[in-house]
Chemist: 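Sharing a structure with you now.
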Amino acid sequence: MKFEMTPGEILAAARAPEPGDEGYDPFNAFDQAQGAEHSINPYEVYTELLAQCPVHRGSVSEMLGAVSVSDLMAGERQIVNVLSYDGVEAVLRDGATFSSAGYAESMGLVMGHTILEMDEPEHGQYRKLIQQAFTRREMERWEHDIVNPVLDHYIDAFVDRGRADLVGELMFVFPVHVIAIALGLPEADLPAFYRRAVEITNMASEIERGFAASQWLYAYLEPVVEDRRAEPQGDLISLLAHAELDGQRLTNDEIIAFCRLLLPAGAETTYRAASNMMVGLLSDPAQLEAVRADRSLVTAAVEEALRWEAPLTGVSRTATADAVVDGIEIKAGSAVNTSLGSANHDPSRWDDPERFDVFRQPKGHMAFATGPHLCLGIHLARMEMRAVLECLLDRLPGLRLDPGVEPPEIVGLAFRAPAALSVVWDA
């Protein structure tokens, strides 16, 4: 695979001010909206609240000072927060009592009608169509043909230097680059594509920019979809355009809506998950060396990172009937926020849950949610995290935190990641 743009050029072009919009950086705006400048550790708040009661009323996001899509979904309805592992699992597995349709009133405004807001039976039928493009076999092809070449391209840019910021020079951009290639988009369009992806993801705090990004993406993607219907090229859009189940095919609107959703779901969260994983490992050199020496621990490192610092800390549902969760009554019509982050730190399930530990006994976690809406990109996310870790261990001998820089800190509230991750190695 041949690349014309360096990683630095891609990011610089994506962040460059547009005419009439000087001084605005969508990446900084998104991080600020997600609480990246706050010193509050949400896990301390989760732990305190969970110790009091597994279900709380009121906006936890507001308490933490974040802009929340969940709160937008709630409107005037009562907000209920489910914090325990068992409670979160119970809500997410019961799609009949706890509907996903509320996302139509928030993310649906900019994404379109996506799998995110669908309930059964529509959800099941749509999912069967979409997941034809995300099989394990297809992800193996992505890893070989797309992910590994992109990772090598990014690491080539700094490997001889002996030092780098892994967030700014690798994690921040490579997942969206992978998505763009998988969709069959030209590399020259990647900066604009990436910029719109961030603007649409930040719709909770800047709705007008979210609408504009949504319209831009539709206008950009519609002719691509039409072209792939006529002449399939083996990329993701071609697969979606020709997927069929019981005579049903995806419409242009459905494909474009899914592509809009794929940007935050497949790129934003992966960059954060991979960054958090490297913070956990680099902050404990003994664990990093254990993984380097025994690559069978790579999978354990990926799963522990997802549990320890889920890149997205919560998802929302709407109660369609009166229900009881963890012994607490929830009234029909309530907006129910399930805290994936709190569930993954529930001390009744994990000993010392605040500690990153690749040697933990494997247990299921909630980083990908569960139930009917288990993340469709679960194989992609795990593959990319594993690939980036393997690539860094293979190509950067003696990889360690830069001793001349302050240790990394994972920040944010709804979305979490380090702002930078400065490292050195034996070049």
Side-chain angles (χ1 to χ4, degrees), residues 1 3 114-116 124 126-155 170-171 173-185 190 193 197 228 232-245 250 255 258-278 291 295-307 310-312 362 364-370 372-394:
M1 185 175 295
F3 299 95
T114 70
I115 195 170
L116 194 67
Y126 184 88
R127 187 181 179 100
K128 288 175 183 176
L129 272 168
I130 292 290
Q131 68 186 11
Q132 295 177 39
F134 289 88
T135 62
R136 287 182 184 271
R137 183 175 180 179
E138 187 65 10
M139 291 304 98
E140 289 173 2
R141 185 185 71 79
W142 281 34
E143 182 174 7
H144 180 269
D145 295 347
I146 303 175
V147 175
N148 287 335
V150 169
L151 287 172
D152 280 334
H153 173 59
Y154 279 63
I155 294 175
L170 177 63
M171 307 299 192
V173 190
F174 100 81
V176 77
H177 200 160
V178 167
I179 294 297
I181 293 171
L183 291 173
L185 308 182
L190 179 58
F193 185 72
R228 299 305 191 273
Q233 298 181 15
D235 52 44
L236 178 57
I237 291 180
S238 297
L239 286 173
L240 294 173
H242 292 272
E244 184 175 347
L245 181 67
L250 296 166
I255 294 172
F258 180 75
C259 290
R260 290 190 189 117
L261 177 63
L262 187 61
L263 298 172
E268 183 70 31
T269 55
T270 301
Y271 116 67
R272 293 174 183 274
S275 299
N276 295 345
M277 173 179 64
M278 294 312 301
V291 176
R295 296 302 178 88
S296 69
L297 289 173
V298 166
T299 297
V302 168
E303 296 306 313
E304 174 64 354
L306 289 164
R307 180 209 67 83
L312 176 64
H365 55 72
M366 287 291 166
F368 297 113
T370 190
H373 280 268
L374 177 71
C375 177
L376 194 62
I378 189 170
H379 300 315
L380 171 61
R382 283 174 164 151
M383 177 269 286
E384 286 187 306
M385 291 177 69
R386 176 176 51 76
V388 73
L389 177 52
E390 293 272 16
C391 201
L392 289 172
L393 293 176
D394 288 342

Chemist: Has the side chain of N276 got a donor or acceptor atom that lies under 3.5 Å from a matching backbone atom of R272?
Modeler: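 Indeed, once roles are kept as given, a pair shorter than 3.5 Å links the two residues.
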Chemist: Not counting sequence neighbours, which residues clear ring-ring contact (aromatic ring centres under 6.0 Å, His included) with H365? List them please.
Modeler: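 If we apply the ring-ring contact (aromatic ring centres under 6.0 Å, His included) test to H365, skipping adjacent residues, there are no hits.
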Chemist: For the atom pair CG (L306) and CZ (F368), what is the distance rounded to the nearest 0.5 Å?
Modeler: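 The CG atom of L306 sits 4.5 Å away from the CZ atom of F368.
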Chemist: Applying ring-ring contact (aromatic ring centres under 6.0 Å, His included), can you list everything that pairs with H379, at least two apart in sequence or on another chain?
Modeler: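 For H379 there are no ring-ring contact (aromatic ring centres under 6.0 Å, His included) partners, ignoring immediate neighbours.
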Chemist: Closer than 4.0 angstrom, basic N to acidic O: yes or no for R137 and E140?
Modeler: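 Answer for the salt bridge query: no.
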Chemist: Can you check whether V178 reaches T270 side chain to side chain, under 4.5 Å on heavy atoms?
Modeler: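 No, their side chains stay 4.5 Å or more apart.
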Chemist: Should F3 and I181 count as side-chain neighbours, where that means a heavy-atom distance under 4.5 Å?
Modeler: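 They are in side-chain contact.
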Chemist: Could you check if a side-chain atom of R228 sits within less than 4.5 angstrom of a side-chain atom of I255, using non-hydrogen atoms only?
Modeler: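 Side-chain contact under 4.5 Å: no.
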Chemist: For F258, what residues pass the ring-ring contact (aromatic ring centres under 6.0 Å, His included) criterion, not counting sequence neighbours?
Modeler: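 ring-ring contact (aromatic ring centres under 6.0 Å, His included) list for F258, sorted by chain: F134.
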Chemist: Do the side chain of S238 and the main chain of Q233 share a donor and acceptor less than 3.5 angstrom apart?
Modeler: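 Yes, because the side chain of S238 sits within donor-acceptor range (under 3.5 Å) of the backbone of Q233.
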Chemist: Between L185 and D235, is any pair of side-chain heavy atoms under 4.5 Å apart?
Modeler: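 No, too far: nothing below the 4.5 Å cut-off.
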Chemist: Mark yes when over 12 heavy atoms from residues, nucleotides or ligands other than H144 sit less than 6.0 Å from its NE2; otherwise mark no.
Modeler: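 No, NE2 of H144 has 12 or fewer neighbouring heavy atoms, counting only those of other groups under 6.0 Å.
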